Participant: 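Mind having a look at this structure? Questions to follow.
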Amino acid sequence: MPIKHLKLPEGGTKISIHNKQQLVVPDNPILGYIEGDGIGPDIMTACLRIWDAAVKKAYDGQRQIHWAELFMGEKAAEKYEGAIFPEETREALQELVVSIKGPLTTPVGGGFRSLNVTLRQVLDLYACVRPVRYYSGVPSPLRYPEQVDVIIFRENTEDVYAGIEYQSGSPEMRKVERFLKEEMGATFFEDSGIGIKPISPFGSKRLVRKAIQYAIDNKRKSVTLVHKGNIMKFTEGAFRNWGYEVAREEFGEQTITEEELYSQYEGKQPEGKIVIKDRIADIMFQLMLLRPSEFDVIATTNLNGDYLSDAIAAEVGGMGIAPGANMSDHVAVFEATHGTAPKYANLDKVNPGSLLFSGVNMLEYIGWQEAADLITTAYPEVLSKKIVTYDFARQMENATEVSTSGFADVLIQQLEG
């Protein structure tokens, strides 16, 4: 299709995929970015400056990101005659392989379906990857927040994200109701809205496969399958069983079960082995408060992962600094995990941390660890001086409150120094 508004920067080179397995990242990659709605422009502007400064400092000009602005949400609607997810943007996200976006507006109870969900479905970004760790100086409700260091792999395309539901009283709902009650013998209250949560071997296995491979590549100790299989045995319970099956059949040399850890190894984890274990979802919330150090990589279904990732983020400072990404086998769209906060739009006020650390994860994903490390090292140094945005300032004594752009200024000065 003809390009309307997308302009790829001159001098940049697209990331490619070698043998359908490995990213090939040039020293001048073109990465896509979507500002987002509400506070999106404020935090994206600040973060672009920080990421560029870190790359320049780390590689002394030998490497440089060439940014290509892509359009979704309100800004896209203005440019593409009302289209909030233009085909041109979809093609560019796939072609560029690696991109990052700010928050996008999602109406509640009506209007268009969530742009975030649509993005994941259209590009088959089946894994929502949420690293959650503590940075020194961030206000936290936990006594020992430094014990929290987990990577959550949340299935992104099935379960409630399949979007199969029927409104109470609608003809479609009546048809499903008759089938369930008359042919399947189900019992439930009259006029119920009906939702269906499909969970498949294919979707479950590829999610768990990605989580285990991450654990291997990053020398993590365990992968925990989180489910509600004690109640929903053929969906949530099946997810658990398929997860163990992947570990056994595809990673048998690198993994052991928790049962084997104690029956064969007396509870002492052998070198080079990753422990595969599982926990019931509701108990997992308690364990992440009481014994968070016992968990490392988490693989779970969609709705469980939605609740769990936000709850764990609260333990280390909240959604304001929680990073995230949506991934297929190779294509990755990193994102701010919070909402658009429209009342703060254009006020240069909010914490850019979620988008900032999503960008750090993006730098790690393309193999630019040195630039990523500069930011993760500089960030707690700035916090130790109690120079923070308003959300942290109200939780600290004697803090210096700065704007979004002001925080970027201080962080850049710190990493350059």
Side-chain angles (χ1 to χ4, degrees), residues 15 23 25 29 31-36 40 42-59 63-65 67 97-103 127-138 145-146 148-153 214 217-220 297 309 312-313 316-327 332-338 350-384 387-389 392 404-405 407-417:
I15 292 174
L23 289 184
V25 181
L31 302 185
Y33 77 94
I34 296 167
E35 276 192 339
D42 282 351
I43 60 175
M44 184 63 75
T45 299
C47 288
L48 288 170
R49 292 173 50 216
I50 297 168
W51 299 326
D52 282 343
V55 169
K56 183 177 180 181
K57 175 69 174 178
Y59 306 114
R63 289 177 172 176
Q64 180 184 354
I65 296 172
W67 297 102
V97 183
V98 178
S99 304
I100 191 163
K101 71 176 188 67
C128 180
V129 183
R130 297 276 295 271
V132 188
R133 56 165 290 192
Y134 179 68
Y135 292 92
S136 178
V138 174
E146 66 277 3
V148 178
D149 184 4
V150 298
I151 313 292
I152 302 166
F153 283 75
Y214 178 92
D217 294 342
N218 292 275
K219 297 179 171 56
R220 308 292 285 210
V297 177
S309 55
I312 299 175
V316 297
M319 295 296 290
I321 61 165
N326 299 292
M327 299 181 178
V333 181
F334 295 80
E335 66 176 353
T337 58
H338 52 67
V350 301
N351 189 336
S354 176
L355 186 64
L356 175 66
F357 287 114
S358 294
V360 169
N361 294 338
M362 180 177 66
L363 291 171
E364 294 173 341
Y365 187 70
I366 65 173
W368 292 15
Q369 189 66 49
E370 298 85 357
D373 289 346
L374 279 174
I375 298 173
T376 55
T377 300
Y379 184 82
E381 291 296 326
V382 172
L383 261 62
S384 70
I387 303 174
V388 291
T389 49
F392 286 172
T404 309
S405 57
F407 185 81
D409 291 339
V410 176
L411 186 56
I412 290 170
Q413 290 170 7
Q414 183 68 41
L415 67 85
E416 287 180 341

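For clarity, every value in this text was computed on a predicted model and none was experimentally measured.
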Participant: With a 4.5 Å cut-off on side-chain heavy atoms, are V316 and V138 touching?
Facilitator: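 In short, these two side chains do not touch, never coming nearer than 4.5 Å.
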
Participant: Can N361 and R130 be said to form a side chain to side chain contact (heavy atoms under 4.5 Å, CB included), step by step?
Facilitator: CA-CA 10 Å; N361 294 338; R130 297 276 295 271; over 6 Å; no

Participant: How long is the gap from CG on D42 to CG on L355, to the nearest 0.5 Å?
Facilitator: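 Here the rounded value is 11.5 Å.
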
Participant: Of all the heavy-atom pairs spanning G367 and R63, show the shortest one and how long it is.
Facilitator: O-NH1, 4.4 Å

Participant: Over all heavy atoms of both residues, which pair between A408 and R49 is shortest? Give the atoms and the distance, please.
Facilitator: CB-NH1, 3.7 Å

Participant: Is there a side-chain contact between I65 and L363, using heavy atoms and a 4.5 Å cut-off?
Facilitator: yes

Participant: Mind listing the closest non-hydrogen atom pair of A371 and A54 along with its distance?
Facilitator: O-CB, 3.7 Å

Participant: Hey, is the main chain of G353 close enough, under 3.5 Å, to the side chain of N351 for a donor-acceptor pair?
Facilitator: yes

Participant: I'd like to check M44 versus W67 (side-chain heavy atoms, cut-off strictly below 4.5 Å). Are they in contact?
Facilitator: no

Participant: Are any of the side-chain heavy atoms of V148 and R133 separated by less than 4.5 Å?
Facilitator: no

Participant: If you compare all heavy atoms of F407 against all heavy atoms of I387, which two are closest, and at what distance to 0.1 Å?
Facilitator: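 Scanning both residues, the minimum pair turns out to be CE1-O, 3.5 Å.
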
Participant: Side chain of S99, backbone of Y33: donor and acceptor closer than 3.5 Å?
Facilitator: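 No.
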
Participant: Check whether any side-chain heavy atom of V25 sits under 4.5 Å from a side-chain heavy atom of V98, and report yes or no.
Facilitator: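 They are not in contact (no side-chain heavy atoms under 4.5 Å apart), so the answer is no.
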
Participant: Between CD of Q414 and CG of D409, what distance do you get to the nearest 0.5 Å?
Facilitator: 13.5 Å

Participant: Is there side-chain contact between Y365 and L23, with at least one heavy-atom pair below 4.5 Å?
Facilitator: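 A side-chain contact under 4.5 Å exists here.
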
Participant: OG1 of T45 to CD1 of I50: how many Å apart, nearest 0.5 Å?
Facilitator: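 Spacing of OG1 (T45) from CD1 (I50) equals 11.0 Å.
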
Participant: Nearest 0.5 angstrom please: I100 CD1 to E335 CD, how far?
Facilitator: 9.0 Å

Participant: Nearest 0.5 Å please: distance from the CZ atom of F357 over to the CE atom of M362.
Facilitator: 13.5 Å

Participant: Tell me the closest heavy-atom pair linking I43 and P352, and the distance in Å.
Facilitator: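 Minimum heavy-atom contact is CG2-CA, 3.9 Å.
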
Participant: Could you tell me whether the side chain of T337 and the main chain of G324 form a donor-acceptor pair under 3.5 Å?
Facilitator: no

Participant: State, yes or no, whether a side-chain contact exists between I15 and I366 at a heavy-atom distance under 4.5 Å.
Facilitator: yes

Participant: When you measure from the side chain of S354 to the backbone of A322, do you find a donor-acceptor pair of N or O atoms at a distance under 3.5 Å?
Facilitator: yes

Participant: Keeping T377 on the side-chain end and L374 on the backbone end, is there a donor-acceptor pair under 3.5 Å?
Facilitator: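 No; judged by distance alone, with no hydrogens or angles, the pair does not exist.
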
Participant: Is D52 salt-bridged to K57, going by a charged N under 4.0 Å from an acidic O?
Facilitator: no

Participant: Work out which heavy atom in G320 is nearest to a heavy atom in H338; give both atom names and the distance.
Facilitator: CA-CD2, 4.4 Å

Participant: In the structure I gave you, are the side-chain heavy atoms of Y214 and I151 within less than 4.5 Å of one another anywhere?
Facilitator: yes

Participant: Could you grab the distance from atom CG of L383 to atom OH of Y135, nearest 0.5 Å is fine?
Facilitator: 11.0 Å

Participant: Where the side chain of W51 meets the backbone of L356, is there a donor-acceptor pair that is under 3.5 Å apart?
Facilitator: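 A pair under 3.5 Å: yes.
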
